[in-house]
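Read the structure below first, then the notes.
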Amino acid sequence: MYWSKTLIPTMKETPEGAEIPSHVLMLRAGLVTQVMAGAYTYLPLGLRSLQKATAIVREEMNRAGAVELFMSAMCPISLYEQTNRVEAFGDVLVKASLPRGGKKVPIVFCPTHEEIVTDLVSRFVSSYRQLPLTLYQIQTKFRNEERPRFGVLRTSEFIMKDAYSFHTSLESLNETYKTMYDAYCRIFGRCSLPYLPVEAESGPIGGDASHEFMIPSPNGEDKVVHCGNCGYAANTEKAEIGGCGKDKPEKSDVLLKEIAELDTPGAHTVEQVCKFLKVKPVRLIKTLIYLADGKPVAVLVRGDHEANENKIRRSLKVQKLELADPDTIQRVTGAPVGFAGPVGMVEKIPIHADHAVLEVVNAVTGANKDEKHLVNVSPYRDFRPTSIDDLRNATDGDPCPRCCHKLKIRQAIEVGHVFKLGTKYSDSLNARFLDADETQKTIIMGCYGIGVNRIIAGLIETSYDESGIIWPVNLAPYEVVICPMKVADEKMMELAKTLHDDLEKRGIDCIVDDRDQRAGVKFKDADLIGFPLRIVLGEKGLAEGKIETKWRWEKDASMLDVAGAVETIAAMLDDERKNAKRFLNR
RNA sequence: CGGGGCGUGGCGCAGCCUGGUUUAGCGCGUCUGACUGGGGGUCAGAAGGUCGCAGGUUCAAAUCCUGUCGCCCCGACCA
């Protein structure tokens with residue numbers, strides 16, 4: 001490719017509104033341009049990187065035995081009604097209606113394809129002999145984001161690789177799950193991403209049934225915990241909290257003070273109470289009133305902790321859990337929202353306490369009276385929980401559930417998710433098969449997603465410097481940029497063309513910066529875009545029969561003899577391509 | 001959906017508070033010509049804007065008022 005023949009609108013200045021590195025650099029390097037909030041056009045350079053990523057994904061999925069197909073992006077809404085997901089998705093679902101023969105046909109733009117693929121399989125798969133089967137596609141998905149943000153990291157339209165596996169048994173599902181997990185590791189490894197597989201919320205099957213693939217980054221929207229000692233990693237929502245030394249009896253040297261009631265006008269949040277009483281959140285016990293399958297319960301967590309609704313749901317063995325409405329809270333506690341407390345509560349409703357609550361003595365709690373809090377409340381003396389369990393999100397410094405070392409908490413970008421679905425969709429869409437024992441059984445499913453755009457944005461978030469993007473060879477829009485210093489010099493341009501053609505013949509993606517610009521302009525743009533290898537053709541070098549090569553991540557250039565240069569460059573790139581992980585260690 | 005900010009040539013901004021000396025300005029980019037030629041060069045000239053949109057106040061609106069649309073950030077939400 002020649003620079004003058006394509007469209008590369010680089011920018012010196014950062015467009016207004018872009019803040020995080022991937023967004024700023026993708027705009028400045030001319031990879032993408034915004035069409036509206038949450039929707040981007042991929043310009044030629046951005047598309048090339050996206051295609052590099054999809055090619056890797058496709059190769060590894062094929063290698064893992066998955067079969068590619070291409071499903072419709074639109075779908076009659078009725079299919080989503082059958083699985084109850086119109087309600088589940090709510091406003092996230094992008095709906096439309098098509099005028100057909102004077103009638104309106106309601107449709108959705110698919111946010112994911114469980115419905116279509118399960119319907120498909122239910123129609124064409126009827127025997128155990130056809131299973132297992134893994135189908136995948138790479139396609140645009142639509143999810144209306146209430147608030148799109150962070151450039152291409154969170155958009156309403158994005159490219160997803162979604163795979164679905166179909167099985168006769170759990171053993172078969174587990175086998176494919178492992179195969180997919182391994183394929184994901186290879187994919188992200190080849191993309192030079194510092195990925196971290198973490199345990200995630202797993203749905204109905206439980207156990208280790210779900211993993212998210214995370215890229216640790218300060219701009220990630222997810223939080224993961226990671227143990228530097230044993231390698232345990234999990235989403236904070238999922239992470240178990242180690243049992244090391246919990247529920248220990250009260251230290252005898254702590255004096256339990258007399259309980260007292262204080263006026264706390266206007267203080268209904270933890271923050272306000274702390275400010276008013278001049279105590280730290282650790283000294284507070286938060287009392288949350290939930291409706292568990294419709295019945296009110298109190299959940300206690302320490303003031304600095306967050307309740308985890310999934311854990312509560314599991315611990316209480318209930319299906320539906322929601323925070324109680326203000327009326328219910330008033331009725332149950334006798335006070336408005338913000339003044340609930342455990343003292344005297346257990347006579348009315350069950351109290352479920354998180355482990356950490358029991359370690360707080362002389363605590364501050366709500367008094368179950370308007371504008372009043374209690375101080376010096378101590379567990380067991382002043383209230384007795386109905387049950388004690390792990391009910392909160394993990395926080396920095398919590399003990400690891402495997403080895404008791406302190407867990408570290410990090411922000412991360414989710415780029416992939418593997419999930420054991422079970423029979424959720426095959427049940428509601430009636431996807432069944434006839435087994436060897438001549439009985440009808442429901443197909444067991446798994447699903448496996450990758451956000452392809454996030455591979456690109458995630459890579460940039462973890463690989464840039466003050467000059468611009470630093471692409472690994474495997475994802476770079478072009479692997480080599482050739483910069484002739486003087487485009488008026490016919491011999492120099494002739495050499496540029498020869499190098500370009502010879503490299504292209506060897507399958508190396510190569511662009512010639514044939515713009516009549518000064519060296520500075522070409523170098524700044526090359527650095528901004530981040531081509532891995534830069535080849536400079538200069539008068540002095542050519543006089544000695546030499547050209548200059550420089551890796552984007554190295555400070556200094558080196559000289560190469562023109563004779564045999566193509567072979568040397570091809571070998572260097574090949575080496576880089578095969579050692580994608582080495583990129584991370586630089 | 002709650003809170004905050006911003007809409008002025010392709011991009012980044014100033015002007016607005018205190019309406020008229022502004023034919024709306026600056027930097028970058030673009031075009032023409034010349035000089036230049038290894039880290040965003042210099043000079044000379046040029047093109048390009050109904051100041052987001054609609055209404056109102058006024059002799060007069062980029063500037064004041066009302067409404068509306070769009071974009072960004074924080075939070076809530078997110079299979």
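So that the names make sense, note that chain A is the first sequence line, chain B the second, and so on, each numbered from 1. These numbers come from the heavy atoms of this one structure, side chains and all, not from hydrogens, waters or symmetry mates.
One interatomic measurement links the two molecules: CG of A:Asp91 to P of B:rC1, which rounds to 9 Å at whole-angstrom precision. Atom CG in A:Asp516 sits roughly 11 Å away from atom C1' in B:rU36 (whole-Å rounding). Between the C1' atom of B:rG10 and the CD1 atom of A:Ile8 lies a distance of 17 Å, rounded to the nearest Å. We find that CG of A:Leu43 is positioned 14 Å from P of B:rC11, with the value rounded to whole Å. In this structure, the CE atom of A:Met485 is 14 Å from the P atom of B:rG41, given to the nearest Å.
The closest side-chain donor-acceptor pair between A:Tyr40 and A:His23 falls under 3.5 angstrom. Side chain to side chain, A:Asn174 and A:Lys420 meet the donor-acceptor criterion of an N or O pair below 3.5 Å. There is no side-chain donor-acceptor pair under 3.5 Å between A:Ser428 and A:Gln82.
Within 4.0 Å of A:Lys486, counting heavy atoms only, lies no atom of the nucleic acid at all. Within the nucleic acid shown, A:Asp525 comes within 4.0 Å of at least one base atom, counting heavy atoms only. If you check every strand for non-hydrogen atoms under 4.0 Å, A:Val92 touches nothing.
A:Asp514 places a side-chain N or O within donor-acceptor distance of the main-chain N or O of A:Ser4, the cut-off being under 3.5 Å. Looking only at distances, a side-chain donor or acceptor of A:Arg552 sits under 3.5 Å from a matching main-chain atom of A:Ile469. Distance alone, capped at 3.5 Å, places no donor-acceptor pair between the A:Lys486 side chain and the A:Glu539 backbone.
For B:rG10 and B:rU36, the P atoms lie 35 Å apart once the distance is rounded to whole Å. Separation of the P atoms belonging to B:rA62 and B:rA54 is 13 Å when rounded to the nearest angstrom. Taking atom P in both B:rU8 and B:rA14, one finds a spacing of 11 Å when rounded to whole Å. The gap from the P atom of B:rU66 to that of B:rC73 amounts to 27 Å, rounded to the nearest Å.
Donor-acceptor pairing under 3.5 Å, judged by distance alone, is absent between the side chain of A:Asp527 and the base of B:rG40. Between the side chain of A:Glu539 and the base of B:rG37 there is no donor-acceptor pair of N/O atoms closer than 3.5 Å. On a pure distance criterion of 3.5 Å, a polar donor-acceptor pair joins the side chain of A:Arg518 and the base of B:rG41.
Comparing A:Arg28 and A:Glu221 by the nucleotide of RNA chain B whose heavy atom lies nearest to each, the residue mapping closer to the 5' end is A:Arg28.
For the side-chain hydrogen bond (donor to acceptor under 3.5 Å, both in side chains) test with A:Lys141, the passing option among A:Thr155, A:Asp162, A:Thr112 is A:Asp162; the others fail.
Proximity note for A:Glu146 (side chain, C-beta onward) versus B:rG12, B:rG40, B:rC77: the nearest is B:rC77.
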Using a cut-off of under 3.5 Å, enumerate the N/O to N/O pairs linking the protein to nucleotides 28-34 of chain B.
unit_1: B:rC28; atom_1: O3'; unit_2: A:Lys12; atom_2: NZ; d: 3.3

Review item, nucleotides 71-75 of chain B N/O atoms under 3.5 Å of protein N/O:
unit_1: B:rC71; atom_1: OP1; unit_2: A:Ala37; atom_2: N; d: 2.9
unit_1: B:rC72; atom_1: OP1; unit_2: A:Gln34; atom_2: NE2; d: 2.6
unit_1: B:rC72; atom_1: O3'; unit_2: A:Gly17; atom_2: O; d: 3.3
unit_1: B:rC74; atom_1: OP2; unit_2: A:Arg147; atom_2: NH2; d: 2.5
unit_1: B:rG75; atom_1: N7; unit_2: A:Arg147; atom_2: NH1; d: 3.2

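Contact annotation: the side chain of A:Cys110 approaches that of A:Ile116 to within less than 4.5 Å [non-hydrogen atoms, C-beta and beyond].
Helical stems in RNA chain B, defined as runs of 3 or more consecutive Watson-Crick or G-U wobble pairs with donor-acceptor distances under 3.5 Å: B:1-7 with B:69-75, B:10-13 with B:25-28, B:30-35 with B:41-46, B:52-56 with B:64-68.
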